[in-house]
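Data block below; observations after.
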2 protein chains.
Amino acid sequence: MPDPDEAYLQIGEVAERTGVTQRTLRFYEEKGLLRPPTRMDGGFRLYSEQDVKRVEHIRRLQDLLGVALAEIKEMVDAEEVLRELRAQYRPDSAIDEKRRQLERAIDVVQGQYSIVKQKTEQMEEMKAQLKERLKTFDRWMKELNELEAKEPVAPA
Amino acid sequence: MPDPDEAYLQIGEVAERTGVTQRTLRFYEEKGLLRPPTRMDGGFRLYSEQDVKRVEHIRRLQDLLGVALAEIKEMVDAEEVLRELRAQYRPDSAIDEKRRQLERAIDVVQGQYSIVKQKTEQMEEMKAQLKERLKTFDRWMKELNELEAKEPVAPA
DNA sequence: CTTAACCTTGACGTAGGCGTTAAGCCGCGC
DNA sequence: GCGCGGCTTAACGCCTACGTCAAGGTTAAG
């Protein structure tokens with residue numbers, strides 16, 4: 001029972017705000033990356049702000065890490081578990097269960113972290129190389145200009 | 001006329017060393033990402049160490065930047081231009097031509113640089129978030145453990 | 001009650017990046 | 001000189017991540 005005050009976005013608005021197409025939103029739903037949104041009587045999907053954030057998150061993961069949607073599903077699923085954990089803060093004393101979930105979540109996030117860490121390192125390296133290269137180019141350009149100064153373009 | 005002392009790798013070895021399949025190597029050649037290698041009499045491709053490095057470079061660009069092969073082709077092409085520039089260091093006085101090439105190369109590399117820069121920034125941000133999250137999880141885990149201490153597992 | 005804008009579910013299409021045969025040469029050790 | 005592993009081209013296949021109709025239902029405004 002999602003707070004009726006909060007679920008108000010139609011698919012078109014979500015699409016516009018997130019920059020993805022409606023097709024993509026339905027596709028993500030099919031693939032389990034977005035939980036099926038609530039619907040109004042006629043069947044129109046009604047999204048929440050939460051969903052918008054989720055879409056943005058998915059896109060960041062896609063763009064930055066370049067991982068497949070299947071993997072992204074794993075990641076967002078793990079995060080979902082956490083929401084549950086936080087919500088049902090002590091329903092009964094199934095502590096072991098919670099611990100297992102938490103451990104799983106930690107695993108997933110550590111996985112993400114190491115990926116991100118590795119990638120940032122490699123990218124820093126690449127960035128440095130590119131910077132070096134630009135410097136070299138500047139030098140060359142200067143040399144070219146000096147060369148031209150000595151050897152005039154259209155000698156009389 | 002590529003130095004005959006240097007061109008000695010067959011496609012299988014290149015594949016093994018770079019971690020891509022032979023199909024991929026031929027595919028890259030088709031797409032113009034790898035220059036057609038020299039062949040031995042029977043038609044077997046003969047690659048150089050240069051080629052190996054090139055493949056590794058292509059893969060880094062793919063993995064890190066996640067850009068399409070067409071774009072990667074642009075990038076490596078621009079780099080090729082530079083090799084030529086460096087090689088024919090002053091064949092004649094076509095200085096303007098060289099300047100144009102150099103400017104083009106600078107453009108390409110600056111493009112790469114800004115992409116890499118933006119991505120690294122975003123990834124640093126993501127990294128920080130993940131770190132925060134891991135800390136939160138640790139706290140939760142501790143809370144769970146303390147909770148268990150107070151409420152023994154199997155009360156007599 | 002009509003109409004325009006928005007939405008629904010299929011279902012087929014597509015571009016990129018290779019994988020996978022198939023059918024047949026090449027090279028080299030014995 | 002033959003046999004076997006490595007290589008060749010050609011062609012079709014496949015998966016991902018959507019794009020693009022098509023045919024029709026829904027909503028809100030007037």
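In this text the structure is predicted, and so the values were computed from the model without any measurement. By convention in this document, chain letters (A, B, ...) are assigned in the order of the sequence lines, proteins followed by strands, and residues within each chain are numbered from 1.
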For [X] and [N], give me the distance from atom [atom1] to atom [atom2], rounded to whole Å.
X       : N      : atom1 : atom2 : value
A/Arg39 : C/dC7  : CZ    : C1'   : 10 Å
A/Arg26 : C/dT8  : CZ    : C1'   : 7 Å
B/Tyr47 : D/dG6  : OH    : P     : 17 Å
A/Leu25 : D/dG19 : CG    : P     : 10 Å
B/Leu9  : D/dG6  : CG    : P     : 16 Å
A/Phe27 : C/dG13 : CZ    : P     : 18 Å
B/Leu33 : C/dG16 : CG    : P     : 13 Å
A/Glu16 : C/dC7  : CD    : C1'   : 15 Å

key: From B/Arg45, B/Lys73, B/Arg54, B/Arg23, residue fulfilling salt bridge (Lys or Arg N to Asp or Glu O under 4.0 Å) relative to B/Glu29   =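 With B/Glu29 as partner, B/Arg45, B/Lys73, B/Arg54, B/Arg23 yield a single salt bridge (Lys or Arg N to Asp or Glu O under 4.0 Å), made by B/Arg45.
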Output yes when at least one side-chain N/O atom of [X] is less than 4.0 Å from OP1 or OP2 of [N], else no.
X       : N      : value
A/Thr24 : D/dA17 : no
B/Arg45 : D/dT8  : yes
B/Thr21 : C/dC18 : no

ask   = How far apart are the C-alpha atoms of A/Asp96 and A/Arg100, what are their side-chain angles, what is the distance that settles it, and do they pass the side chain to side chain contact (heavy atoms under 4.5 Å, CB included) test?
value = CA-CA 6 Å; A/Asp96 282 11; A/Arg100 271 198 304 279; 4.2 Å; yes
task = Can you measure from OG1 (A/Thr136) to CG (B/Leu102) and round to the nearest 0.5 angstrom?
result = 10.5 Å
Do you know which two heavy atoms are closest between [X] and [Y], and how far apart they sit?
X       : Y       : value
A/Leu46 : A/Pro37 : O-CB, 3.5 Å
A/Asp77 : A/Gly32 : OD1-O, 4.3 Å
A/Leu9  : A/Glu13 : CD2-OE1, 3.5 Å
B/Ala15 : B/Leu25 : N-CD1, 3.8 Å

A/Thr120 and A/Met123: CA distance, side-chain angles, deciding distance, side chain to side chain contact (heavy atoms under 4.5 Å, CB included) verdict = CA-CA 5 Å; A/Thr120 45; A/Met123 289 189 59; 5.7 Å; no
inquiry  = I need the full list of salt bridge (charged side-chain N to carboxylate O under 4.0 Å, His left out) pairs touching residues 115-124 of chain B, with sequence neighbours left out, sorted by first then second residue.
reply    =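 Sorted result for residues 115-124 of chain B: B/Glu124-B/Lys127.
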message = Applying salt bridge (charged side-chain N to carboxylate O under 4.0 Å, His left out) as the test, list every pair that has at least one member in residues 59-69 of chain B; sequence neighbours left out.
response =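 Sorted pair list comes back empty.
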Please tabulate the protein-to-nucleotide N/O contacts below 3.5 Å involving nucleotides 13-15 of chain D, giving atom names and distances.
none

What nitrogen or oxygen pairs link the protein and nucleotides 2-6 of chain C at under 3.5 Å?
residue	atom	partner	partner atom	Å
C/dC6	O3'	A/Gln10	NE2	3.4

ask   = For DNA chain C, which residues in residues 59-73 of chain B have a heavy atom at a distance below 4.0 Å?
value =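 Residues of residues 59-73 of chain B that come under 4.0 Å of DNA chain C are, in numerical order, B/Arg59, B/Gln62, B/Ala68, B/Leu69.
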query = Where do B/Val14 and B/Asp51 land on the side chain to side chain contact (heavy atoms under 4.5 Å, CB included) test, with the steps shown first?
reply = CA-CA 9 Å; B/Val14 176; B/Asp51 293 324; 5.9 Å; no
message = Quick check on DNA chain D: between A/Tyr28 and A/Met40, whose nearest nucleotide comes earlier from the 5' end?
response =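 Taking each residue's closest nucleotide, the earlier one in sequence belongs to A/Tyr28.
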task = Please list, chain by chain and in numerical order, all residues satisfying side chain to side chain donor-acceptor pair (under 3.5 Å) with A/Arg26, sequence neighbours excluded.
result =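 Side chain to side chain donor-acceptor pair (under 3.5 Å) check on A/Arg26 returns A/Gln22.
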